[in-house]
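Worksheet for the structure shown next.
Each chain gets a letter, A, B and so on, in the order the sequences are listed, and its residues count up from 1.
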Protein chains: 2
Amino acid sequence: MKHDSFNESAEMYLKTVSELAVNEGPVPISALAGRLGVSTVSATEMVHRLQDHGLVEHQPYKGICLTECGYRQASEVIRSHRLWERFLADDLGLAWDEVHSLACRLEHATDPKVTEALDAYLGYPATCPHGNPIPRHHSTPSEPEDCPLTELRPGDSAVITRVHPESDELLEYLADLELVTGTYVSLFEVVPFNGPLVFKERERTVYLGLEAAALVFCKPVEEA
Amino acid sequence: MKHDSFNESAEMYLKTVSELAVNEGPVPISALAGRLGVSTVSATEMVHRLQDHGLVEHQPYKGICLTECGYRQASEVIRSHRLWERFLADDLGLAWDEVHSLACRLEHATDPKVTEALDAYLGYPATCPHGNPIPRHHSTPSEPEDCPLTELRPGDSAVITRVHPESDELLEYLADLELVTGTYVSLFEVVPFNGPLVFKERERTVYLGLEAAALVFCKPVEEA
DNA sequence: CCGGGTTTTCAGGTTAACCTTATCTTACAA
DNA sequence: TTGTAAGATAAGGTTAACCTGAAAACCCGG
Ligand SMILES: [Mn+2]
Ligand SMILES: [Mn+2]
Ligand SMILES: [Mn+2]
Ligand SMILES: [Mn+2]
């Protein structure tokens, strides 16, 4: 049973499966391939390799699930990723929408010893700068109680809590719109026929497409 | 002219050439291969690839030198390596003899932006925890004015300043003997026929083989 | 119950890094 | 000067990740 710390590629597959699996149920290989930017054939090959190593289970025409062991490895990578994001943003002062891709390289080069020490150094933060929880051993990952922006009704107000799943383009786009975690927004209207959500916020009007809004989570705020 | 930040393997070759080149003159491929733990044939292949990219120049039967461009890339990797070492040791509290190999993975996953920010965060330290200078743009790397332990004479006293080149086994060994940077030593005798150096230090007698001693540098201290 | 679209598999190909074994070349020391 | 060890090249092989193009298997809505 060699469970060697795996290489970058395999780690990205595991991490991605874990991220896509939050919407419950097995992840189709095509979704994996899409997110990783490889062909479905390549993804299939890799998934089979991972299956041979007991990290993943593939039910043809259904999708893939992480095994216990695969889940542990994915969590370790995600943990390291989010801790690095915190460090890069909070301590090194790098930009909110840059730290994701910077951490995505570091996460594969990080020994567990470093992860542990970093966690302590940062004071055991609860979330990454984009609001996603930092996995810890012994702690069951409690489901966050926020909802996507798309569930708001016109007139509702909310604070942005989380972006998931994270991607460079999305984070960059949100940063441009100044819709980062902690931002207070109130929904003005939803343009019909799958149009964007329109937010009004002190003098400012922001249009956010449905696709993006579905990935941004918030916690409603009582009206004053 | 694609000068893409290179992959781990190429970076290690460049870094190693740079390290072995301090003893002036072109580095034989066999030395490279030895340090990197690959066959000379593999090293030759890689050196040719690097030459095609204009990073290295190979004069058959003489050795290889870095080009201007190769030197710059090597320095960038070394810079990142030594800054990470400082962070891991000083801030995260990891052990003196562990940080080298931990940093050897991080160094290839570090964007220049991160390196710069890290340098500032650490307050622009001059050296890594093992005494080697941290390269900076604009600063010509001044030759350190220390000498190897092997140049001491019995009766001499000195402070350990530097270990070069660094390797896991050597650092671990030195840590065991408590011969780390900053340690005060005085040479008692040199055992003939290439025998070890014998140091006496408050109640403690330490034997250090010639091969190791040649890689440990010190600054002599005036006798009181 | 069947056909079209999704999903998977098959076949064949590429590239970077490695490897071994074997055959040159060259430098230099006796 | 010449023999030999060190260094370089040649030849052939492996593995992980990728790719394309095409065939086969499946699932589900009409
Ligand atoms: Mn990554
Ligand atoms: Mn994040
Ligand atoms: Mn390295
Ligand atoms: Mn060091």
Counting only side-chain N and O atoms of [X], is one of them less than 4.0 Å from OP1 or OP2 of [N]?
| X | N | result |
| --- | --- | --- |
| B:Tyr13 | C:dA16 | no |
| A:His48 | C:dT8 | no |
| B:Arg49 | C:dA16 | no |

How close or far is atom [atom2] of [N] from atom [atom1] of [X], stated in whole angstroms?
| X | N | atom1 | atom2 | value |
| --- | --- | --- | --- | --- |
| A:His53 | D:dT15 | NE2 | P | 12 Å |
| B:Met12 | C:dA17 | CE | P | 14 Å |
| B:Leu50 | C:dA16 | CG | C1' | 12 Å |
| B:Leu32 | D:dG7 | CG | C1' | 13 Å |
| B:Leu14 | C:dA17 | CG | C1' | 15 Å |
| B:Met46 | C:dA17 | CE | C1' | 8 Å |
| A:Gln59 | D:dC27 | CD | C1' | 15 Å |
| A:Glu8 | C:dA17 | CD | C1' | 16 Å |

(request) Indicate, with a heavy-atom threshold strictly under 4.0 Å, whether A:Thr44 touches base, sugar-phosphate, or nothing. (result) base
(message) Over the length of the helix from C:dC1-D:dG30 to C:dA30-D:dT1, how much do the five-pair end axes diverge, rounded to 10 degrees?
(response)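 Inter-axis angle at the termini of the helix from C:dC1-D:dG30 to C:dA30-D:dT1: 10°.
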(request) First locate atom OH of A:Tyr124, then atom CG of A:Leu118, and finally report the distance between them rounded to the nearest 0.5 Å. (result) 10.5 Å
(message) Once ring-ring contact (aromatic ring centres under 6.0 Å, His included) is applied, do any residues pair with B:His108, and if so which ones, sequence neighbours excluded?
(response)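 With neighbours one apart ignored, the set is empty.
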Please name all residues satisfying side chain to side chain donor-acceptor pair (under 3.5 Å) with [X], sequence neighbours left out, ordered by chain then number.
| X | answer |
| --- | --- |
| A:Asp111 | none |
| A:Ser42 | A:Ser39 |
| B:Ser18 | none |

(request) Not counting sequence neighbours, list each pair that qualifies as a salt bridge (Lys or Arg N to Asp or Glu O under 4.0 Å) and has a residue in residues 59-83 of chain B. (result) B:Arg79-B:Glu116, B:Arg79-B:Asp119
(request) With sequence neighbours excluded, tell me which residues meet side chain to side chain contact (heavy atoms under 4.5 Å, CB included) with A:Ala126. (result)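 Expected list: none.
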(request) Please determine, for the side chain of A:His58, which listed nucleotide (C:dA17, C:dT8, D:dG7) has the closest atom? (result) C:dT8
(request) Would you please indicate yes or no on a ring centroid separation below 6.0 angstrom for A:His130 and A:His164? (result) no
(request) Can you sort out the partners of A:Lys113 under salt bridge (Lys or Arg N to Asp or Glu O under 4.0 Å), two or more places apart, ordered by chain and number? (result)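 Salt bridge (Lys or Arg N to Asp or Glu O under 4.0 Å) check on A:Lys113 returns B:Glu98.
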(request) Take nucleotides 19-30 of chain C nucleotide by nucleotide from the 5' end and write B, S or -, depending on whether a protein heavy atom sits under 4.0 Å from the base, only from the sugar-phosphate, or from neither. (result) BBB---BS----
